[in-house]
K.L.:
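Dropping a structure here in structure tokens format, bear with me for questions.
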Amino acid sequence: MKHARFIAEGCEQTGTVEEAIVKAASGKEYPLAEIDVWLPPIRPGKIIGLALNYADHAEELGLDKPPEPVLFIKPNSSIIGHKASIVYPEGATYMHYENELAVVIGRQARLVQAADAYDVVSGYTIANDVTVRDFVNNYYRPPVRAKGHDTFGPMGPYIVDKADIPDVENLNLRTYVNDELKQQGNTKDLIYTIPELIRFISAFMTLEPGDVILTGTPKGISHVYPGDVTRLEIDRLGALENTIVDGRKTKEIKEELTGGRNP
């Protein structure tokens, strides 16, 4: 089942999605095309990200495979929903998307063994771990400024129940910018699998219901500009779409970044 949060008729609502209809908790049905605003499908407790978890992505950045999972915390204030705007911030010269499978924790978990890891998972969604590459120095320093801006955490459009994903370790990821395919990958190529990540994290940190683990992005990042539309797809999870808007104030910075073109 697909679970959504949204605004319709001026009210925040929750519901389930079946084909082209959202059935609200009240029982009323809304066509997907008539939803006013898509909200993030969950209010996360905490969001734990993986800085490098695909070998081809580490290679394209010129970095070695990490000897253990490289973690960071992404702030809840960065989270936005499907169709919301991502703000291109002042001072950025290279901002990019990161298409990631997001794992939603369903119950409290501490010292979980890999063999039992899926027992604590409730479902999955799509996350865009938006990053300003200018603010990443190396993977030993948490990339908080690079990944923590407001609007840098699009998530959604739905949470899909674990039971509806028969093989989460073999899902294709695709990213389009302005309908041009830019990124492809598959979760079978994760350096650290979901059970390994849950075992590693829960060894020192209690995971709570509603926590989210971002599992990393494959090769294929590219610069996005104000005016661009990103669409992130993951098999069985749908498509997460957002538009980049300009948050810069300095005309000279815009001209330097865009080469004088009107983004």
K.L.:
Tell me, yes or no, whether the heavy-atom count around K46 atom NZ, taken from other residues, nucleotides or ligands under 6.0 Å, exceeds 12.
P.N.:
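Yes, NZ of K46 has more than 12 neighbouring heavy atoms, counting only those of other groups under 6.0 Å.
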K.L.:
CG of L232 to CD1 of I126: how many Å apart, nearest 0.5 Å?
P.N.:
7.0 Å
K.L.:
Taking all non-hydrogen atoms of both residues into account, name the closest pair between I42 and M155 and its distance.
P.N.:
CG2-SD, 4.0 Å
K.L.:
I need the minimum non-hydrogen distance between V87 and G247, along with the two atoms involved.
P.N.:
CG1-CA, 3.6 Å
K.L.:
Over all heavy atoms of both residues, which pair between M95 and V132 is shortest? Give the atoms and the distance, please.
P.N.:
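Taking M95 first and V132 second, the nearest heavy atoms are CG-CG2, 4.1 Å.
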K.L.:
In this structure, which one of T125, D161, T16 forms a side chain to side chain donor-acceptor pair (under 3.5 Å) with H3?
P.N.:
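One option only clears the test, and that one is D161.
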K.L.:
Main chain of I86, side chain of N242: is a donor-acceptor contact present, judged purely on distance under 3.5 Å?
P.N.:
no
K.L.:
Treating E34 as the side-chain partner and P31 as the backbone partner, does any N or O pair qualify as donor plus acceptor under 3.5 Å?
P.N.:
no
K.L.:
Please give me the minimum heavy-atom distance between P41 and P157, naming the atom from each residue.
P.N.:
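Heavy atoms only, the tightest pair is CB-O, 4.0 Å.
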K.L.:
Are any of the side-chain nitrogens in R199 or D116 under 4.0 Å away from the carboxylate oxygens of its partner?
P.N.:
no
K.L.:
Where is the tightest heavy-atom contact between F6 and A24, given as atom of each residue plus distance?
P.N.:
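The answer is CZ-CB, 4.1 Å.
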K.L.:
Can you confirm if the NZ or CZ of R133 lies within 45° of the ring axis of Y94 and under 6.0 Å from the centre of its six-membered ring?
P.N.:
no
K.L.:
For a quick test of reading the model, state the closest non-hydrogen atom pair linking T151 to I80 and the distance between them.
P.N.:
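Heavy-atom minimum between the residues: O-CD1, 3.5 Å.
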K.L.:
Rounded to the nearest 0.5 Å, what separation is found between the CD1 atom of I213 and the OG atom of S202?
P.N.:
8.5 Å
K.L.:
Check this for me, if you would: do E100 and K147 make a salt bridge, where the nitrogen-to-carboxylate-oxygen distance has to be below 4.0 angstrom?
P.N.:
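The answer is no: the pair does not qualify as a salt bridge.
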K.L.:
For residues 180-189, which residue pairs qualify under salt bridge (Lys or Arg N to Asp or Glu O under 4.0 Å), counting only residues two or more places apart or in two chains?
P.N.:
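Qualifying pairs: E180-K182.
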K.L.:
Is it true that the side chains of T215 and N53 contain a donor and an acceptor less than 3.5 Å apart?
P.N.:
no
